[in-house]
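Contents: one structure, followed by commentary.
Here, residue 1 is the first one in the sequence, and each next residue gets the next number.
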Amino acid sequence: MKEKFEVTGMTCSACSTSVEKAVSKMEGVQSVNVNLLANNMVVEFDDTVLSQESIISVVQDAGYGANVAGQSQNRDHDAQGASQIQDEIKAMKNRVVISLLFMVFLLYVAMGPMVGLPLPSWLLGLENAMTMALVQLLLTLPVLFVNRQYYQIGFKTLWRRSPNMDSLIAIGSGAAVLYGVFALFRIGYGLGHGNWDLVAQYSHDLYFESAAMILGLITLGKYLETRSKGKTSDAIAKLMDLAPKVATVIRDEQEVEIPVAELVVGDVIVIRPGQSIPVDGVVISGSSAVDESALTGESIPVAKQAGDKVYSATINKAGSFHFEAQRIGEDTTLAQIIRLVEEASSSKAPIARMADQISGIFVPVVIAIALVSTIVWLLLGYSFEFALTIGIAILVISCPCALVVSIPLGFFG
């Protein structure tokens with residue numbers, strides 16, 4: 001049995017890999033393919049061993065949400081899904097604008113003096129080091145707030161012992177901010193005790209701009225990725241809109257207009273000039289020319305008469321005819337094309353599978369390297385502050401790598 005599930009909460013390739021691993025370990029699962037862009041999962045399994053509920057439970061235990069996907073012909077469901085994607089795109093765009101706006105001001109304040117850019121006198125000099133640090137902190141806080149989702153998801157998956165790229169982003173940027181706050185207190189101590197060397201040292205140990213830049217750039221990548229999801233959803237929605245929502249059938253020797261979802265095999269459907277054909281069937285009376293370009297690409301209408309087959313989503317041109325429904329719902333040619341498009345978007349190229357494998361081990365390896373490096377420098381006799389700085393530097397440097405590995409398709413949306 002092959003079933004499609006909708007999966008929520010995935011934000012990177014490490015997330016999709018985590019879901020894929022969790023489901024593939026279940027007894028009775030023959031294959032599993034998780035599509036990050038479409039937020040869905042196709043599982044082929046033995047329904048005598050597994051149930052849909054047990055698969056959903058495993059995905060939820062891994063830290064994500066799941067439910068059985070709606071039927072591809074369910075227009076209300078797909079309209080709701082398209083609306084959710086558009087809302088997500090709008091929210092991501094707002095996050096990008098706010099993040100980049102404050103990031104630019106923060107970079108100007110933090111890096112401006114290094115390249116000779118003018119700054120107010122009350123931000124320059126060791127005597128104003130505390131003011132400079134507070135300004136950088138205040139410019140960083142809005143970026144942290146609008147991107148708090150990274151911390152919510154990242155620490156949640158870390159707690160469940162299945163860290164993803166959000167975990168690395170949360171730890172790296174969070175550590176940079178916390179160390180910046182620590183440096184701020186050390187600057188205050190130095191100013192209060194006249195220790196100008198301490199003030200000078202920690203004035204250069206503020207990493208607020210690093211945290212803001214990490215969050216801002218990764219949010220930009222996520223926004224581009226979300227736009228890619230929207231385009232995929234729009235393409236499928238346009239395919240579905242090719243078929244009409246209602247059909248005229250003959251019931252009790254009278255023409256009755258009913259929703260396409262209520263058609264059954266054997267119904268006699270009336271098609272008049274300009275109407276779209278709702279389902280697949282065979283002409284039983286009348287003749288016409290049908291435009292099948294939506295399915296075949298053929299621009300010249302095809303003549304139809306009794307005994308000829310007609311297909312859903314094609315358009316009747318001149319004449320009128322009656323045809324008998326033979327394939328409805330998921331069995332129509334259009335539904336099969338939509339299913340193929342969805343399966344194609346779910347399939348992965350070898351390079352994509354390699355990226356998933358790398359991202360699956362990237363996060364725990366980086367965290368382990370940061371911890372080991374901190375411990376090694378402590379054992380070598382260096383101060384805790386220096387050793388901690390080494391560990392934070394590794395986490396911060398690895399975050400741009402997380403951007404590249406976790407959103408390989410985002411920049412091509």
Side-chain angles (χ1 to χ4, degrees), residues 2-4 38 40 42 68-83 85 230-346:
K2 182 180 287 188
E3 187 63 72
K4 182 178 179 181
N40 61 40
V42 178
V68 178
Q71 298 299 317
S72 63
Q73 293 292 330
N74 189 333
R75 295 177 181 276
D76 293 337
H77 177 273
D78 289 299
Q80 182 181 5
S83 176
I85 292 177
K231 290 180 179 180
T232 301
S233 176
D234 288 344
I236 295 176
K238 288 178 181 178
L239 279 175
M240 296 189 61
D241 286 338
L242 292 175
K245 298 180 181 180
V246 296
T248 302
V249 300
I250 297 179
R251 297 274 176 90
D252 298 327
E253 299 183 356
Q254 292 184 348
E255 293 186 6
V256 181
E257 194 173 79
I258 64 172
V260 171
E262 296 180 8
L263 289 174
V264 296
V265 175
D267 272 338
V268 176
I269 303 172
V270 180
I271 298 296
R272 295 186 172 86
Q275 290 184 334
S276 295
I277 297 174
V279 294
D280 296 0
V282 60
V283 178
I284 58 177
S285 66
S287 62
S288 183
V290 177
D291 181 1
E292 298 182 344
S293 59
L295 299 182
T296 66
E298 177 59 54
S299 59
I300 300 176
V302 180
K304 300 291 181 180
Q305 57 186 1
D308 291 337
K309 291 184 177 181
V310 291
Y311 304 97
S312 59
T314 57
I315 301 174
N316 181 39
K317 288 297 186 180
S320 300
F321 60 89
H322 293 182
F323 77 96
E324 180 182 341
Q326 291 185 335
R327 293 193 295 178
I328 63 174
E330 295 296 302
D331 296 327
T332 64
T333 302
L334 178 63
Q336 293 176 15
I337 291 175
I338 293 173
R339 186 159 53 247
L340 288 174
V341 172
E342 291 178 335
E343 290 179 358
S345 66
S346 298

Minimum heavy-atom distance Pro301-Ala289, with the two atoms named: CB-CB, 3.9 Å
Salt bridge (Lys or Arg N to Asp or Glu O under 4.0 Å) pairs, two or more places apart, involving residues 299-311: Glu292-Lys304
Validation row: Val290, Ile277 side chains within 4.5 angstrom (heavy atoms): yes
Residue pair Ala243 / Leu334: nearest heavy atoms and the distance that separates them: CB-CD2, 3.6 Å
Side-chain touch Gln305/Val283, heavy atoms, less than 4.5 angstrom: no
Side-chain heavy-atom pair Leu295, Ile337 within 4.5 angstrom cut-off: yes
OG1 on Thr248 to CD on Glu257, rounded to 0.5 Å: 5.0 Å
Exercise: identify the closest heavy-atom pair between Ala294 and Ala313: CB-O, 4.1 Å
Derivation and outcome, side-chain hydrogen bond (donor to acceptor under 3.5 Å, both in side chains), residues Arg327 and Ser312: CA-CA 9 Å; Arg327 293 193 295 178; Ser312 59; over 6 Å; no
Atom of Ser320, atom of Ser288 and distance for their closest heavy-atom approach: N-CB, 4.4 Å
Least distance between heavy atoms, Phe321 atom then Ser285 atom: CB-O, 3.1 Å
Candidate pair Val279 and Phe323, rule side chain to side chain contact (heavy atoms under 4.5 Å, CB included), full reasoning: CA-CA 10 Å; Val279 294; Phe323 77 96; 4.1 Å; yes
side-chain hydrogen bond (donor to acceptor under 3.5 Å, both in side chains) between Asp280 and Thr332, intermediate numbers included: CA-CA 6 Å; Asp280 296 0; Thr332 64; 5.2 Å; no
Which donor-acceptor pairs under 3.5 Å do the side chains of residues 267-275 make with protein atoms, sequence neighbours left out?
from	atom 1	to	atom 2	distance (Å)
Asp267	OD1	Arg251	NE	3.3
Asp267	OD1	Arg251	NH2	3.3
Asp267	OD2	Arg251	NH2	2.8
Asp267	OD2	Val264	N	3.0
Arg272	NH2	Glu255	OE1	2.6
Arg272	NH2	Glu255	OE2	3.0
Gln275	OE1	Arg272	N	2.9

Side chain to side chain contact (heavy atoms under 4.5 Å, CB included) between Val265 and Ile328, intermediate numbers included: CA-CA 7 Å; Val265 175; Ile328 63 174; 4.3 Å; yes
